[in-house]
Q: 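This is the structure, below, for whatever I ask next.
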There are 4 protein chains.
Amino acid sequence: MKEPIIKPSRSALRRQRDKEYRYQSILNAAEKLFAEKGYHQTSMEQIGDLSEVSAATVYSYFRNKEDLLLTAMRKSGYEFRKMIGDAFGAADHSMDGLKNAGLSFFRDFCLKHPEKAIILFREAVGQGEEVEDQRKKLFMKMALDIKNALLKLSDNIGFKYESDRSAEIMAVSIVGIYAQIACHYMIWDDSSCNLMDIADSAVAFTIGGVSSLISNEKSKPN
Amino acid sequence: MKEPIIKPSRSALRRQRDKEYRYQSILNAAEKLFAEKGYHQTSMEQIGDLSEVSAATVYSYFRNKEDLLLTAMRKSGYEFRKMIGDAFGAADHSMDGLKNAGLSFFRDFCLKHPEKAIILFREAVGQGEEVEDQRKKLFMKMALDIKNALLKLSDNIGFKYESDRSAEIMAVSIVGIYAQIACHYMIWDDSSCNLMDIADSAVAFTIGGVSSLISNEKSKPN
Amino acid sequence: MKEPIIKPSRSALRRQRDKEYRYQSILNAAEKLFAEKGYHQTSMEQIGDLSEVSAATVYSYFRNKEDLLLTAMRKSGYEFRKMIGDAFGAADHSMDGLKNAGLSFFRDFCLKHPEKAIILFREAVGQGEEVEDQRKKLFMKMALDIKNALLKLSDNIGFKYESDRSAEIMAVSIVGIYAQIACHYMIWDDSSCNLMDIADSAVAFTIGGVSSLISNEKSKPN
Amino acid sequence: MKEPIIKPSRSALRRQRDKEYRYQSILNAAEKLFAEKGYHQTSMEQIGDLSEVSAATVYSYFRNKEDLLLTAMRKSGYEFRKMIGDAFGAADHSMDGLKNAGLSFFRDFCLKHPEKAIILFREAVGQGEEVEDQRKKLFMKMALDIKNALLKLSDNIGFKYESDRSAEIMAVSIVGIYAQIACHYMIWDDSSCNLMDIADSAVAFTIGGVSSLISNEKSKPN
DNA sequence: AATGAATGAGCTTTCATTCAT
DNA sequence: GATGAATGAAAGCTCATTCAT
């Protein structure tokens, strides 16, 4: 049965647009405040103030405060993964891709959206069951992405890792490296100015670790 | 004039011992609960209940709830550093020492005191200014320890890193790797059973990264 | 460009009125309880109960418990001063005005609002720095009002006091007399029935004191 | 039956003396702190600290905190009454006696023991049922003393007041005057330097009030 | 749809007081 | 008798969340 196509009226469109705009401005406000003052130190009223609505209105866009954090985290996670994926793909899944992905993380993610990095690596940590559960899922996906990239890479070069596990562990390690470097040099000790130099070293370390395992495998029979 | 030497009475000694015991049992209770239910989900009363004192008594041993977290974090941090330092030193600051330190972290720290790892890597994160400040200091010390170990290592082998910075970044990366592996395979996905296998791989990755940079340096003129 | 005139809607007006009503009923409840049971013996919850709101609501109308006491004190102080001022003015600032003011204090202030007198002369005393500071300021204003009345009075009669100080001291004394009489015969020893007889005597004493000083001055060669 | 007379041993005597000394030093500490920081702002521990005993020891000398306040108040009250009585008696219960008593209050009581005045006129006010009850009794006794003095005075001069009540009211008023002047010029506005000038005026006002009523009576038939 | 207002549900914290030693 | 230690009992206060308008 065909649904009658209702052409949305002009005002309905505007309303729709306004709504979307509100949603974003609230979310942005939350991100900003969570990153700046911390999740617990931010009240719903402050989020309302910054996004120019009342605290009650925030509730018609987000289930609750936790939902705001979850959404912000998911969004950041999504961008993280996209960035990594794009960078890796752009270099045909080569070793250079791995390098690019690492540099891109620092250049395009951390430096451009520090608040996202802070939420992902600090504010979403230690905030109770539901958040932790989502964070776990997200980080597992991130690790999986990297693991797949590593597998593709080895495929391309024509070697394989000792085990599937091995690639996974490397992936998890890489996530750890990036997270810690971001935390250390951007969040704690504001070295934003020369973060890219640091990034170079960190990426070199990463590549070194990966290569060494690949080489090791290479020399092995089988 | 001779000061009378006040020999602590037997009862005073016992009281002293009792007090120390209380202090420890409260701190242990807090660690356990923070790790199990989360910092914010734990009330002072629950800590009192578990350590068989009243909440008010908890306050005569610790300034406030934050103080408990800080103390727990500091303690965990201290043990982390000691473990790493001992393991590295036990192998004469050689490359094996680096390996031992890594394995020791997983074997003697994570598996034996998972609640300490959880506090260090999860519950102490995202808990406001003071805690964050202390955490930063602690993690910087941890990174410094590892950096110094790396420097000693290179001295022993007779090579040096491209720069001081370079060693530092490796150290920070190593902290990141360990933290993330612990989080991933122990906290999230309880693979405690075979954590040591995972540890092997992670350590291999670490060693690979370090070696590669050392080798790279080696091949460089000067 | 013309600003659109925002006419407050009917509902907004009602809300405004409701709010004002709430504020008053909370303040009245606090006054009643402070006077009856004492400031420290009254909890925020009890104030909420009596004014039929929750304790949390009390906090959205008053900063804290102290704020309630301060407000109550200020309000009582304002009414005290108004009453005295009116009574004195109504009799053209004559000696009769002084008398009227005294009688009015007992008749219209103490007997009609005993809780206000109790707050002013008992509950606001000895309650810490901020309250004491405000109380001091209030009582100084009260004394100043009376002093000015005394000065006007002497002007009217054509005599002057030995010094400005002298009038001030009389004023302070008068405040003391009224406060003590109220405390003694209304708060402690409920003689409300014949408080006005007592008032007559107290006022007579006051007038006597003032007159005597005026006379003394009169007889002095300027 | 005759009690055997036990001659107290030397050590028992010393113990007795020590105990008395402790009692006084605790009470003094409490007076000092109550006057300086306020009753509620003073904790038992602080009282202990200042008198060099533990808070628990304070409880073997005084029933509770309220008891300390009550004792301090009673002691101050006793000295107030003694001072007034002596001064009045020293001048043969004449009008000069009244004057002396007033001056003595300011000179020998307020200036010498400001903390006593503060406790009597500020800290003991508004502190709950039991304290208020004792305070009432004390102030009634004080008023009665003065009333009796006034009656003796009128006897001496050969006139009488309109009624017994009349003398009582004057007495209460006088207490009020002294209390307020002390509060105003010593506690609030530290005019200790010239408090005696102020005292002169206040006493003059008092005497004026009394005289006027006596004169009034005198001129009346009967 | 937006919001002012109300509140439930906690939580931390303080202290006077007691008691075993 | 002195005291270190423990605690009961509140109290003040905050905030995420709900709901009537």
Side-chain angles (χ1 to χ4, degrees), chain A residues 15 18-19 22 26 40-48 52-68, chain B residues 9-12 14-16 18-19 22-23 26 40-48 51-68, chain C residues 9-12 14-16 18-19 22-23 26 40-48 51-68, chain D residues 15-16 18-19 22 40-48 52-68:
Chain A
R15 228 178 292 131
D18 282 5
K19 200 167 169 177
R22 277 276 155 88
I26 291 169
H40 283 288
Q41 285 68 46
T42 300
S43 74
M44 290 302 260
E45 207 181 338
Q46 289 167 344
I47 295 172
E52 297 182 304
V53 294
S54 74
T57 299
V58 176
Y59 281 86
S60 57
Y61 289 87
F62 296 88
R63 217 172 340 107
N64 51 30
K65 194 179 169 186
E66 198 178 50
D67 190 27
L68 271 165
Chain B
S9 72
R10 200 164 299 179
S11 71
R14 190 180 54 242
R15 223 184 286 133
Q16 184 61 30
D18 282 4
K19 197 165 176 178
R22 271 282 147 86
Y23 179 88
I26 291 170
H40 282 289
Q41 285 68 45
T42 300
S43 74
M44 291 301 258
E45 207 181 340
Q46 289 166 346
I47 295 172
S51 49
E52 298 182 303
V53 294
S54 72
T57 299
V58 176
Y59 278 91
S60 64
Y61 286 87
F62 296 90
R63 218 174 335 106
N64 52 31
K65 199 179 162 185
E66 197 179 52
D67 190 28
L68 269 165
Chain C
S9 72
R10 201 164 299 180
S11 71
R14 190 180 52 243
R15 222 184 286 136
Q16 184 60 30
D18 283 4
K19 197 164 178 181
R22 272 283 144 86
Y23 178 89
I26 291 170
H40 282 289
Q41 286 68 46
T42 300
S43 75
M44 290 303 256
E45 206 181 341
Q46 290 166 346
I47 295 172
S51 49
E52 298 182 303
V53 294
S54 72
T57 299
V58 177
Y59 279 91
S60 65
Y61 285 86
F62 295 90
R63 219 175 333 108
N64 50 31
K65 198 178 164 187
E66 197 178 52
D67 190 27
L68 269 166
Chain D
R15 227 178 295 132
Q16 185 58 31
D18 282 4
K19 200 167 170 178
R22 278 276 156 89
H40 284 287
Q41 286 68 47
T42 300
S43 73
M44 290 303 261
E45 207 181 339
Q46 290 167 343
I47 295 172
E52 297 182 304
V53 294
S54 74
T57 300
V58 175
Y59 280 87
S60 57
Y61 290 87
F62 295 89
R63 218 172 340 107
N64 51 29
K65 194 179 169 186
E66 197 177 51
D67 190 27
L68 271 165

Q: Does atom CD of C:Gln41 have more than 12 heavy-atom neighbours, drawn from other residues, nucleotides or ligands, at distances under 6.0 Å?
A: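 It does: C:Gln41 CD has more than 12 such atoms within range.
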Q: I need the CE-C1' distance between D:Met44 and F:dT3, as an integer number of Å.
A: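 Between C1' of F:dT3 and CE of D:Met44: 14 Å.
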Q: Round to the nearest Å and state the distance from A:Phe62 atom CZ to F:dT18 atom C1'.
A: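 Rounding to the nearest Å, CZ of A:Phe62 and C1' of F:dT18 are 19 Å apart.
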Q: Using the side-chain heavy atoms of C:Tyr59, tell me which of these nucleotides is nearest: F:dC13, F:dT7, E:dA5.
A: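 Minimum distance to the C:Tyr59 side chain belongs to F:dC13.
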Q: Go through E:dT13, F:dA2, F:dC13 for me and flag the one nearest to the D:Ser60 side chain.
A: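 Of the options given, the side chain of D:Ser60 lies nearest F:dA2.
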Q: Mind calculating the distance between CD (D:Glu45) and P (F:dA6) to the nearest angstrom?
A: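 One finds 14 Å between P of F:dA6 and CD of D:Glu45, rounded.
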Q: Report the nucleotide, chosen from E:dT3, E:dC11, E:dA6, that has the shortest atom-to-atom distance to any side-chain atom of B:Ser43.
A: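 Closest of the options to the side chain of B:Ser43: E:dC11.
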Q: One pair to check against side-chain hydrogen bond (donor to acceptor under 3.5 Å, both in side chains): C:Thr57 and C:Ser54. What are the steps and the verdict?
A: CA-CA 5 Å; C:Thr57 299; C:Ser54 72; 3.1 Å; yes
Q: Over how many whole Å does the gap from C:Arg15 atom CZ to E:dA2 atom P extend?
A: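 After rounding, the reported distance stands at 16 Å.
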Q: Using 0.5 Å steps for rounding, measure from the OH atom of B:Tyr59 to the CD1 atom of B:Ile26.
A: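 Atom-to-atom, B:Tyr59:OH and B:Ile26:CD1 are 12.0 Å apart.
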Q: Ring-plane angle category for C:Tyr61 and C:Tyr23, please: parallel below 30°, perpendicular beyond 60°, tilted otherwise.
A: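 Rings of C:Tyr61 and C:Tyr23: tilted, 30 to 60°.
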Q: Pick the nucleotide of DNA chain F nearest each of D:Val53 and C:Glu66; which residue has the one closer to the 5' end?
A: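 Going by which nucleotide is closer to the 5' end, it is D:Val53.
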Q: Which of the following nucleotides, E:dA1, E:dA16, F:dA16, is nearest to the side chain of A:Lys65?
A: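 Closest nucleotide among those given: F:dA16.
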Q: Could you state the CG-C1' distance from D:Asp67 to E:dA16, rounded to the nearest angstrom?
A: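 About 13 Å, once rounded to whole Å.
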Q: So what does B:Asp18 touch, heavy atoms closer than 4.0 Å: a base, only the sugar-phosphate, or nothing?
A: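 Answer is nothing: B:Asp18 stays at 4.0 Å or more from every strand.
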Q: Might you point out which heavy atoms bring C:Thr42 and C:Lys65 nearest each other, and give the distance in Å?
A: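 Answer, listing the atom of C:Thr42 first, then C:Lys65: O-NZ, 2.7 Å.
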Q: Among F:dA2, E:dT17, F:dG12, find the nucleotide with the atom closest to the side chain of D:Arg22.
A: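 Out of F:dA2, E:dT17, F:dG12, the nucleotide with an atom closest to D:Arg22's side chain is F:dA2.
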Q: With both distances kept under 3.5 Å, what pairs with E:dA20, Watson-Crick or G-U wobble?
A: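 In the structure as shown, E:dA20 has F:dT3 as its Watson-Crick or wobble partner.
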Q: Counting heavy atoms from C-beta on, name the nucleotide in F:dA6, F:dG4, E:dA2 closest to the side chain of D:Ala56.
A: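 Of the options given, the side chain of D:Ala56 lies nearest F:dG4.
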Q: Mapping A:Arg63 and B:Ser54 onto DNA chain F by nearest heavy atom, which one lands closer to the 5' end?
A: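 Whichever sits nearer the 5' end wins; that is B:Ser54.
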Q: Quick one: B:Ile47 CD1 to E:dT12 C1', roughly how many Å, whole number?
A: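 Rounded to the whole Å, the gap is 11 Å.
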Q: Go through E:dT18, F:dG12, E:dA1 for me and flag the one nearest to the A:Lys19 side chain.
A: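 Selected nucleotide: E:dA1.
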Q: Out of E:dA6, E:dG4, F:dA2, which has the shortest distance to the side chain of C:Tyr61?
A: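 Output: E:dA6.
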Q: Find the partner of F:dA9: check Watson-Crick (N1-N3 plus N6-O4 or O6-N4) and G-U wobble (N1-O2, O6-N3) distances, both under 3.5 Å, and reply none if neither fits.
A: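 Here F:dA9 is engaged in a pair, and the nucleotide opposite it is E:dT14.
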Q: C:Gln46 CD to F:dA10 P: how many Å, rounded?
A: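 Result: 11 Å.
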Q: Between A:Met44 and A:Asn64, which heavy-atom pair has the shortest distance, and what is it?
A: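 Taking A:Met44 first and A:Asn64 second, the nearest heavy atoms are CE-C, 4.1 Å.
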Q: Expressed in angstrom and rounded to an integer, what is the separation of A:Gln41 atom CD from F:dT14 atom C1'?
A: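 Taking CD of A:Gln41 and C1' of F:dT14, I get 13 Å after rounding.
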